[in-house]
Amino acid sequence: MHPAPSVIVFTTLSGLGFGLLFFLGLGMPAARGMVAFVFYAIAFGLAVGGLLASTLHLGRPERAWKAFSQWRSSWLSREGCCAVAALLTMAVHAISAIFFDHPLALVGIAGAVLSVGTVFTTSMIYTQLKTVPRWNMFPLTPALFLTLSLAGGALLAGQDGQAIWLLILAGGTLLAYWYQGDSAFSDSGTTLATATGLGGRGEVRAFEPPHTGSNYLLREMVHQVGRKHSRRLRWIGFTLAIIVPLLCLLIPVTGLALKHSLAAVAVLAHMVGVACTRWLFFAEAEHVVGLYYGKR
Amino acid sequence: MTELPAATQRSMGLVIDLDTCVGCQACVISCKGWNTENYGAPLSDQDAYGAAPSGSFLNRVHSYEVQPEQGQAQLIHFPKSCLHCEDAPCVTVCPTGASYKRVEDGIVLVNESDCIGCGLCAWSCPYGARELDLAAGVMKKCTLCVDRIYNENLPEEDRIPTCVRSCPSGARHFGDLGDPDSEVSALVADRGGMDLMPEMGTRPVNKYLPPRPKDRLAGNNPQDIDLLAPLLSPVATDAAGFLGWLDRALDKLPGGER
């Protein structure tokens, strides 16, 4: 699949933002006043920035509001509804914490649940697609999005204790996702033989494509650049997203300045690492339509 | 709206005969023409006269080579357009309700004034039936020529999809596949019509008729295949006259056949 920068930025940033909102909603930390303002500014900046980035890949972004209507059947619509509900609920929580010094616990819990729900609905947009076997792995794909979002949220919220365990969990999920994903296409049983229905007659080979140039399908779904670097990018992404933040958390240091700079390194490394794995999430995903073109 | 109907009154669709398709691309061109000039946003081209032209098409013809374990390879031309699936994943993923499957005839359509061009329906389609038009920013797909088949301004013989109308080899058939007594259903039953990627669970309405087995040479004896063969036995086994002399003379040169 074509790794559209807008979608990578969106899933990476909004995942982190909603992860942070989850912890803020649960009162971890129970910030008030200016401290709360900074936390919420970061969380809303990431979540809203990500959502805005996601509208950049639309053909007709001015009609994006229509996407709230089909929540009964569409995961994309559910994501939009859930995101707006989470942001509005957490806005109430933020205002009461920042300006009235009075966090509303129940509103915070509701906002936390909706924030996690938003990340889950995002993951289901990809998980539901049978046409992309590497994504069509329930519950591994949602688990990947959720653990990375919560680990990043814990890092941003300064919840070191939770962050360590969530990073280990996210790392394990990432490895499991890669391991199972590598055989997902062949496990799906879809081949050029089933695609053409001609498999029973002999070995099918794509002889001539329908046209000499490229087309929307090939550009969007048969993206092959970068797959050859997948091993190296997996190492880079895993190191930056999981190992570097873990080391930053586990190295015993004294002094607030050093501790804060290590935390900043952990957060930045994690963000770049997650963006890297998210790039692979798209670049490595193979759509079955490529079979019709003798490609994957 | 993007929930699929529990049942459709009719299941209009195509039956494509892989035995008779000659890969002439007439259906591709007539589809592009009709659907550019009629319903909805035109099918645009990008860089049409430049170095890397590309464009939106609702119907494309692939060609595949099938190599059996024994015998000669066969070339099969393979037209592919929307299969108007019973369980169309492209409909249920649509966030705006722009994609829908009609109850009255089962045609899957896009309401272009509601489409936001997110592309998720194209991702969900295993057949590559949907293409985002880069000029209009909305999703394009086969409409089964919904603006022809009910169009009373057209002569009756033209009230079929333009790909069917233009096919010179009769490889495309249009009708109600939900009616077991229809001509297309009879064709499917007779020829063993098949679904593409049945494992995807989309339950396509369109069916493909597999190629018939090719005639084979029965043996090495030419009489087995040609009644006229005994009458057409070679008149002269040895060349005579000038050619005969040349044949013998060349054979006498070094390396010749003695």
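For the numbers below, each heavy atom of this structure counts, side chains included, while hydrogens, waters and symmetry mates do not. So that the names make sense, note that chain A is the first sequence line, chain B the second, and so on, each numbered from 1.
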Student: Is any side-chain heavy atom of Y216(A) closer than 4.5 Å to a side-chain heavy atom of M139(B)?
Tutor: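 Heavy-atom side-chain distance check passes, below 4.5 Å.
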
Student: Please name the pair of heavy atoms, one in L76(A) and one in V93(B), separated by the smallest distance, quoted to 0.1 Å.
Tutor: CB-O, 4.5 Å

Student: Closest approach of L75(B) and F207(A), non-hydrogen atoms and distance?
Tutor: CD1-CD2, 3.4 Å

Student: Which atoms form the tightest heavy-atom contact between E112(B) and R63(A), and what is the distance?
Tutor: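 Heavy-atom minimum between the residues: O-NH1, 2.8 Å.
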
Student: Counting C-beta onward and ignoring hydrogens, is there a side-chain heavy-atom pair between R219(A) and S54(B) closer than 4.5 Å?
Tutor: yes

Student: Examine whether an atom of P211(B) lies under 4.5 Å from a heavy atom of chain A, and if so say whether it belongs to the side chain, the backbone or both; otherwise answer neither.
Tutor: both

Student: Are any non-hydrogen side-chain atoms of R205(A) and Y64(B) less than 4.5 angstrom apart?
Tutor: no

Student: Drop me the distance from C125(B)'s SG to H287(A)'s NE2, to the nearest 0.5 angstrom.
Tutor: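 The distance works out to 7.0 Å.
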
Student: I'd like to know whether CD of E62(A) has more than 12 heavy-atom contacts from other residues, nucleotides or ligands below 6.0 angstrom.
Tutor: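 Yes, enclosed.
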
Student: Report which part of S214(A) has an atom under 4.5 Å of a heavy atom belonging to chain B: side chain, backbone, both, or neither.
Tutor: backbone

Student: Can you confirm whether the side chains of E199(B) and S188(A) place a donor and an acceptor under 3.5 Å from each other?
Tutor: no

Student: Pairing donors with acceptors under 3.5 angstrom, does anything connect the side chains of T96(B) and Q70(A)?
Tutor: no

Student: What's the spacing between L120(B) CG and Y126(A) OH if we round to 0.5 Å?
Tutor: 8.5 Å

Student: How close do P210(A) and Q25(B) get, counting heavy atoms only, and between which atoms?
Tutor: O-OE1, 4.1 Å

Student: Tell me, out of G199(A), G197(A), G200(A), who's got the most heavy-atom pairs with chain B below 4.5 Å.
Tutor: G197(A)

Student: Would you say that more than 12 heavy atoms from the other residues, nucleotides or ligands in this model lie under 6.0 Å from the CD of E203(A), or not?
Tutor: no

Student: Heavy atoms only, distances under 4.5 angstrom: which of L134(B), L132(B), V61(B) has the most pairs with chain A? Name it, please.
Tutor: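 Looking at each option in turn, the highest pair count goes to L132(B).
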
Student: If I measure from the heavy atoms of chain A, does P53(B) come under 4.5 Å with its side chain, its backbone, both, or neither?
Tutor: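 The backbone, not the side chain.
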
Student: Looking only at non-hydrogen atoms, find the nearest pair between I116(B) and L58(A) and report the distance.
Tutor: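 In terms of heavy atoms, the two residues are closest at O-CB, 3.5 Å.
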
Student: Just wondering, do Y293(A) and R60(B) contact through their side chains at under 4.5 Å, heavy atoms?
Tutor: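 A side-chain contact exists here, since the closest heavy-atom pair is under 4.5 Å.
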
Student: Compare all side-chain heavy atoms of W123(B) with those of I125(A) and state whether any distance is below 4.5 angstrom.
Tutor: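 Of all side-chain heavy-atom pairs linking I125(A) with W123(B), none is under 4.5 Å.
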
Student: Measuring from T131(A):OG1 to M197(B):CE, what's the distance to the nearest 0.5 Å?
Tutor: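 Result: 9.0 Å between the selected atoms.
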
Student: If I compare all heavy atoms of F78(B) with all of T196(A), which pair ends up nearest, and what's the gap?
Tutor: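 Distance-wise, the nearest heavy atoms are CE1-O, 3.4 Å.
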
Student: May I ask you to name which of A67(A), S77(A), G213(A) has the most heavy-atom pairs under 4.5 Å with chain B?
Tutor: A67(A)

Student: With only heavy atoms counted, which part of A64(A) is less than 4.5 Å from chain B, the side chain, the backbone, both or neither?
Tutor: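 Just its backbone gets close to chain B.
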
Student: Could you tell me which portion of A73(B) (side chain, backbone, both or neither) has an atom closer than 4.5 angstrom to a non-hydrogen atom of chain A?
Tutor: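 Contact with chain A is absent: no heavy atom of A73(B) under 4.5 Å.
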
Student: So which of L192(A), L217(A), V132(A) has the biggest tally of heavy-atom pairs under 4.5 Å with chain B?
Tutor: L217(A)

Student: Mind running side chain to side chain contact (heavy atoms under 4.5 Å, CB included) on L18(B) and L198(A) for me, showing each step along the way?
Tutor: CA-CA 10 Å; L18(B) 298 177; L198(A) 299 170; 4.1 Å; yes

Student: If you define the side chain from C-beta out and look only at heavy atoms, does anything of S74(A) sit under 4.5 Å from C94(B)?
Tutor: no

Student: Counting heavy-atom pairs under 4.5 Å with chain A, which one of A122(B), P210(B), S56(B), A52(B) comes out on top?
Tutor: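 Of A122(B), P210(B), S56(B), A52(B), A122(B) has the most heavy-atom pairs under 4.5 Å with chain A.
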
Student: Counting C-beta onward and ignoring hydrogens, is there a side-chain heavy-atom pair between M200(B) and T190(A) closer than 4.5 Å?
Tutor: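 Heavy-atom side-chain distance check passes, below 4.5 Å.
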
Student: In the structure I gave you, are the side-chain heavy atoms of P68(B) and R201(A) within less than 4.5 Å of one another anywhere?
Tutor: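 A side-chain contact is absent here, since even the closest heavy-atom pair is not under 4.5 Å.
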
Student: Could you look at Q128(A) and say if it's the side chain, the backbone, both or neither that has a heavy atom under 4.5 Å from chain B?
Tutor: side chain

Student: With a 3.5 Å distance limit and no angle check, can you tell me whether H62(B) reaches the backbone of Y292(A) through a side-chain donor-acceptor pair?
Tutor: yes

Student: Measuring from atom CZ of R60(A) to atom SG of C115(B), what distance do you get when rounded to the nearest 0.5 angstrom?
Tutor: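 Spacing of CZ (R60(A)) from SG (C115(B)) equals 9.0 Å.
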
Student: Using modelled atom types only, decide if a donor and an acceptor are shared between the side chain of K66(A) and the backbone of S113(B) within a distance under 3.5 Å.
Tutor: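 Pair found, side chain donor or acceptor close to backbone of S113(B).
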
